[in-house]
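Working notes for the structure below.
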Amino acid sequence: MTPSSPVFIPVILAGGKGERFWPLSRKQRPKQFLSLDGSGVSLLQATAQRLLSLAGGWEIYG
């Protein structure tokens, strides 16, 4: 019997007032939903894409 691999479950924490990216970031559009490099991909999406290969797929809880 072989020991199983440890499970890697990434957790993305996002929040804040959005003061550093004002006037781009507002209550209605927080910084984690902004695309700052013009790619059309938000900061949250880019973070999730980087973690996807490490986590081995999606498990969404909420």
Side-chain angles (χ1 to χ4, degrees):
M1 186 167 24
T2 60
S4 62
S5 300
V7 176
F8 178 73
I9 302 172
V11 175
I12 301 171
L13 304 176
K17 295 180 183 178
E19 295 174 347
R20 288 182 287 179
F21 287 109
W22 186 88
L24 295 175
S25 177
R26 307 268 184 167
K27 284 184 180 180
Q28 296 81 13
R29 188 153 172 89
K31 65 185 169 200
Q32 59 266 25
F33 299 126
L34 296 176
S35 171
L36 298 177
D37 63 0
S39 69
V41 176
S42 72
L43 296 173
L44 183 62
Q45 289 171 313
T47 301
Q49 288 172 355
R50 287 192 306 270
L51 291 171
L52 183 60
S53 63
L54 295 173
W58 291 108
E59 290 286 335
I60 300 175
Y61 303 94

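No experiment lies behind these values; they were computed from the predicted model shown.
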- prompt: Of all residues at least two apart in sequence or in a different chain, which pass the side-chain contact (heavy atoms from CB on, under 4.5 Å) check with I12?
  reply: L44, T47, A48, L51

Co-members of the apolar cluster containing V41 [side chain, <4.5 Å]: none

query: What pair of heavy atoms forms the shortest contact from G40 to S35, and how long is it?
result: N-OG, 3.0 Å

